Number of protein chains: 2
Amino acid sequence: MRLKEGNKGNDILLAAIKVFAESGYHNAKIHKIAELAGVATGSIYVYYKNKETILQRIFEQLWERLYNELAAISRRTDINAIEKFDGLIDLLFDMFIKDPALAVVFVNEQNYLIQKDPKGFTPYYQKFIDLGECIVVEGIDKNAFTPDIDVKIIRSYIFGGLRHLLHQWAQSPEEYSLDSIRENVKYFSKRGLLK
Amino acid sequence: MRLKEGNKGNDILLAAIKVFAESGYHNAKIHKIAELAGVATGSIYVYYKNKETILQRIFEQLWERLYNELAAISRRTDINAIEKFDGLIDLLFDMFIKDPALAVVFVNEQNYLIQKDPKGFTPYYQKFIDLGECIVVEGIDKNAFTPDIDVKIIRSYIFGGLRHLLHQWAQSPEEYSLDSIRENVKYFSKRGLLK
DNA sequence: TGCATTATTGAATCGCAGTTCAAAAATAAA
DNA sequence: TTTATTTTTGAACTGCGATTCAATAATGCA
């Protein structure tokens, strides 16, 4: 018997995030991911069925984590809807500060993957989105947020705005301070949402 | 002598927008564009150097038009900054109502193309973005918009939000009414911007 | 130490699709 | 009609890179 050395499956995933961010999914070469992960080209196919599976796995991990963290925030009773909304924004910012390359991959490749194989895309994404919407609905119900908006539309709008900003930041982190981005987003969005 | 029949160059561009929207740029097959345009595969290469050039041309045309229309709005003196901001939103909505496939291509492929060859990307895009920023700055200067925001950040935020919404709408136009999207965006954004 | 089993390797394969180009067709002028 | 010129064609080419797989290496166990 022989056991697998270290954690090659994860090494490959981490390398793939970097290479996908650098070159884009379609221009990313498998041998480059292998090189960065410190494994042979063939090893990739021991751990993942194919290139697309790697991308799927990246998003699976991302949204599962984000969903669980948002769920923890959402079920708290010691903070109100406004604070939960803040928490949601912080969650996204924190995730992508830790891993800017992941932010780039998210913005550039998620649409492609969903379009390519909607069934294969992690359900945690939809669960995350739904939960975000719940928080806004809670805010409206508790009279903190204005009822004069369509929650689904505004949820998408905010999400798209965040996505774009995080992407810009990840592309050139020196240009903007992430904290200033974060505060501006909160300020602007809450003015839009609050009663 | 022989003259070129009809306007094959444009036929190809229109077909390409549809095929790129349908399959994504990387999965789009040249022969399918040719088929839809009603020309032979080889003809594509008479009119465009390669596949990437077609995509570049699509964005060139898009942003040149949008920039010119926004410039016309921006230089008007009979309307204020708030109305100009409305005009900007309407401009984008109108463009993509006319051509939902173009909205999809815009959202999915623009980042890729800019990353691939920044110099080759149409300068009208940046001009458009700058002009949009000017309108917000004008609003702040004239005391209509709050000065408590970073214009560049909020400009990106709004732009990203619009982008995402238009994309969602283009993917499934029956799900949302575009007019309701438009009104929600204006309402929410102006609450964020106004003094 | 030797054997069995599993992990790892990376050169070779193979299919795909972007691109080319020689031939054919269409048109204008003579 | 004939000729010269340009457009159009699409089958063939070609290069790339994802994937495969037979060989090799590493490990655990007897």
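In what follows, chains are A, B, ... by sequence order, proteins preceding strands, each numbered from 1. Note that this is a predicted model, so its numbers are computed, not measured.
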In this structure, how many angstroms lie between the C1' atom of dC16(C) and the CG atom of N27(B), rounded? 12 Å
Interatomic distance, H31(B) NE2 vs dA12(D) P [rounded to whole Å]: 16 Å
Is the Y125(B)-F59(B) ring centre distance short of 6.0 angstrom? no
N/O (side chain, K8(A)) to phosphate O (OP1/OP2, dA7(C)) under 4.0 Å: no
Counting only side-chain N and O atoms of S43(A), is one of them less than 4.0 Å from OP1 or OP2 of dT8(C)? no
Separation of dG10(C) atom C1' from I44(A) atom CD1, nearest Å, is 12 Å
In terms of ring plane angle, is the pair F106(B) and F159(B) parallel, tilted or perpendicular, where the classes change at 30° and 60°? perpendicular
CD1 of I12(A) versus P of dA18(D): gap in Å, rounded? 14 Å
So, Y112(A) versus Y25(A), ring centres under 6.0 angstrom or not? yes
NZ of K29(B) versus C1' of dT19(C): gap in Å, rounded? 15 Å
Check whether any side-chain N or O of Y45(A) sits under 4.0 Å from OP1 or OP2 of dC21(D), and answer yes or no. no
For dG10(D), take OP1 and OP2 only and decide whether either is under 4.0 Å from a side-chain N or O of T41(B). no
Would you sort out whether H164(B) and Y157(A) count as a ring-ring contact (aromatic ring centres under 6.0 Å, His included), showing the intermediate values? CA-CA 7 Å; H164(B) 189 96; Y157(A) 185 59; 9.8 Å; no
Indicate, with yes or no, if the rings of Y176(B) and W169(B) have centres closer together than 6.0 Å. no
Under-4.0 Å side-chain N/O to phosphate OP1/OP2 contact, Y47(B) with dT8(D): yes
Roughly how many Å is it from CD in E35(A) to P in dT9(C), rounded to a whole number? 13 Å
Can you tell me the distance, in whole Å, between the NZ atom of K32(A) and the P atom of dA18(D)? 12 Å
Contacts of G42(B) and A28(A) projected onto DNA chain D by closest heavy atom; the upstream (5') one is G42(B)
Heavy atoms under 4.0 Å, any strand shown: does V39(A) hit a base, just sugar-phosphate, or nothing? sugar-phosphate
How many whole angstroms separate atom CD1 of I30(A) from atom P of dT20(D)? 11 Å
